[in-house]
Amino acid sequence: MIQFTDKTLPNGLRVLIHEDESTQLAAVNLVYNVGARDEEQDKTGFAHLFEHLMFGGSEHIPDYDAIAQAMGAENNAFTNNDITNYYLSFPAYNLESALWLESDRMKALTLNSRSLEVQRSVVIEEFKQRYLNQPYGNVWHLLRELCYKEHPYQWPTIGKNIKHIEDATLEDVQHFFDTYYRPNNAVLTVAGNVKTYQVLNLVERWFSDIEPGEPVVKSFPKESEQTRARTHYHYAEVPADMIVMAWHVPPRVHQGYYVADLLSDLLGRGKSARLTQALVKEQAIFSNIHAYVTGDIDTGLLVIQGTLLPEINMGFAEQAIHQELKKLQDELITEKELNKIRNQLEAQKVFGETSVLNIAMNLGFAALLGNPQLVNTEIQYYQAITPQDLQLAAKRILASHRTNTLYYFSKSKNA
Amino acid sequence: MINRRQAPLITTPDTLELRNPEQAALACGAPIFMFEAGNQEVSRIDFVFDAGSWHQSRPLVASFTNKMLQEGTTALTPAQIADRLDYHGAYLQLDCSADYASLSLYCLNKHLDDILPVFLSLMQDPVFPERELSRLAGREKQAYMVNREKVSFQARRHFNRLLFGQDHPYGASADAEDFDFITERADLLKAFFETHYKQAPLCVMISGKDTEGTCDRLMTLCEDWEVSDNPQTAAFFTPKGTGEQRLMIPHPGAIQHAIRVGKTTIGKTHPDYQELKLINTLLGGYFGSRLMANIREDKGYTYGINSSVTTYRHDAVFVVGTEVGAAYSEATVKEILKETGRLCTEPVPTDELNRVAQYLSGVLLSEFDGPFALADRYRDAFLFGLDFDYYRDFFHLLRRAEPLRLMHLAQTYLSPDTLKVVIVG
């Protein structure tokens, strides 16, 4: 059970505090409710580019990293389709410095063309390193485009293409900051060897003079229900064929999400999971196969992704996956298998709670979803799922007319 | 109104408080170290064997022996092993490097009674089934085929070969044919197991909560574990670098080049090593390093660049690594050599040195946070005949490092004309 205090400052900043005396560290996590889904479709990659600019200094702290390093902090940030998350982990007695750093860049980030030019160039190299110069690096570009026709999840966080990053202007950047980087659009979590009352005092000291912004109204085009199967064929210079299949799953806070997550666990969690046992170990069709849900706030995806062994043809591999899915649709799973998944989830939760940074991130995201208590109660949603629920979800979610399939062919193998 | 220009006071820890681990031993003689910490009822147990690729006669034998430990025992099929572990939410991690091989178990304490016997059977009674071996080889070969498309993989490989030569365990790497060869050679794995896993483990680490209780259980379960008394003899290899100073490996279609710049150097037990570590941190060992500031934050050539000093059992390597836009690779190498040269000719400014010392002091606390981290750090020291004093010494060094001495050490160990360069792209 994670104990925490939950307060909201008058300017709208939500603050969560969790005490843990077993560590000498503290973690500060600041999550902004903005991600790639908030971008316009001709200006993609922007939320992530902006994350880089957040390290360029603020009005009273020209060098963010120098302070973070002096206080002995490990710090970084990540952006996904929904959120932008900043975090520091450091010796607990330096808490005030962490709050000074985060409050100053929320209050008055320094935006200039020099910083924009350099980070633009860094992000372009990141684009190349992670997406263009890696075998299968563009899988998510292709898959998102295939699965989403309306919702902005149709592009990945890095952006649709390098051109959008090249075109970003200082005005765009300033506008983005003014719109989204406001206290009323953020959740601050402090976890570790701290005292709640002290944290509250310090947070009020450093954050309460920051002006709130206009409330951000989120209205994304809803992805229409898929009525027929979609496919995409791609050929690239890769050594082996790959198949990626994806189905829409309910939004993150929907009960149906948890059922979908459990379905993906049955298929792909651990070495004993169904797809691994049947298709990697027994039938030797894939060299590896994974199943997981994306966990997006809006309609997400359940993904199955497998790399085919050299002598296997694509149609055969696809059939083999469908057969495993059919078993889930036709037969109730046993209590024993369900217990296995429950035990795995319990272990994952307990091991996850060994890190205060992890706790801070989870609390922040749960608050952003609307309820920080989710860190304690979500496990009950999973425990309540029955074999019947799973069978029903397998039929509904994994229906053949809702399937999106990306056939990623090796050019040389299929020459 | 708060004065935002007034920075809050930053505190740097003045001591590194580390409690030495409790110790015990298995009947076979293996030392056990216990790291009691944290709030959660969890454990991690590591067994480390002297079974790295240093001892193998053919490529892949050591790593495949290690991987195959979970592919069937006298009592359990691979599927049963996977099922038993997963059913209890337990998680297994197998590792094999040039020097060591290990098995680690992550488990909730309440399931230890069910899982410990299974875990131990993996290292005591594996059977190396042929079907599993050939399938593993097929999968690993394919993973290798994918990896070799990556410029970073090729750069690492060619750099190690350049330093040590292909016949040295630290310079050798497997090729596609090696995976085909190993497919039908379960006999080699069995022989490797007989020689290198039937020795007492080098050490056993227990970390988490109730480590003493777990230790008692392990000792009881291992009472009858028979190991060989014959001392293990290891072949000795001399590094035979290829002698080239600079290597350019073409990689058609690459839009980024992977770069490695470095050399062999002194290891953990050398008296100058900790200062070399400090110099390395200044150069490329953290986000604010000189290489990051210059090549990423000033020039924007790369998403990331770093340098490291890695100690092997019989050698050590200093290396700078990065991936940069194809047009920037020559300029990047030039800057790397310039920054290394600057360490040899200019004393580090005091404020920069203080900042790095402050950073490392704070980060040391994180590096010892929680039971698993404690076990990791201790193991890193113990395998070189050291203990927590090694880190306490480093902590003190951070307070008395001298710019002039660091400059002289840089001249001794990092002189730019001694560095070898590999570019793939």
>> With a 4.5 angstrom heavy-atom cut-off, is it the side chain or the backbone of B:Glu323 that approaches chain A, or both, or neither?
In response: both
> Among B:Met145, B:Lys141, B:Gln142, which one satisfies side chain to side chain contact (heavy atoms under 4.5 Å, CB included) with A:Ser287?
Replying inline: B:Gln142
> What parts of residues 290-303 of chain B touch chain A if we use heavy atoms and a cut-off under 4.5 Å?
Replying inline: B:Arg296, B:Glu297, B:Asp298, B:Lys299, B:Gly300, B:Tyr301, B:Thr302, B:Tyr303
> So do B:Gln256 and A:Glu125 actually touch side chain to side chain, heavy atoms under 4.5 Å?
Replying inline: yes
> Could you give the distance from OG (B:Ser152) to CD (A:Gln134), rounded to the nearest 0.5 Å?
Replying inline: 6.0 Å
>> For A:Asn339, which atoms come within 4.5 Å of any heavy atom of chain B: side chain, backbone, both, or neither?
In response: both
> Should the ring pair B:Tyr106 and A:Phe351 be called parallel, tilted or perpendicular, given that the plane angle runs from 0 to 90° and is split at 30 and 60?
Replying inline: perpendicular
> Side chain, backbone, both or neither: which part of A:Pro91 has a non-hydrogen atom closer than 4.5 Å to chain B?
Replying inline: both
> Closest approach of B:Glu132 and A:Lys281, non-hydrogen atoms and distance?
Replying inline: OE1-NZ, 3.7 Å
> Can you say whether A:Val122 sits under 4.5 Å from chain B via the side chain, the backbone, both, or neither, judging by heavy atoms?
Replying inline: both
> Heavy-atom distance under 4.5 Å to chain B: side chain of A:Glu282, backbone, both or neither?
Replying inline: both
>> Report which part of B:Pro371 has an atom under 4.5 Å of a heavy atom belonging to chain A: side chain, backbone, both, or neither.
In response: neither
> Which answer fits A:Phe127, side chain, backbone, both or neither, if we ask what part of it has an atom under 4.5 Å from a heavy atom of chain B?
Replying inline: neither
>> One pair to check against side chain to side chain contact (heavy atoms under 4.5 Å, CB included): B:Arg4 and A:Asp104. What are the steps and the verdict?
In response: CA-CA 8 Å; B:Arg4 288 189 167 271; A:Asp104 208 56; 3.3 Å; yes
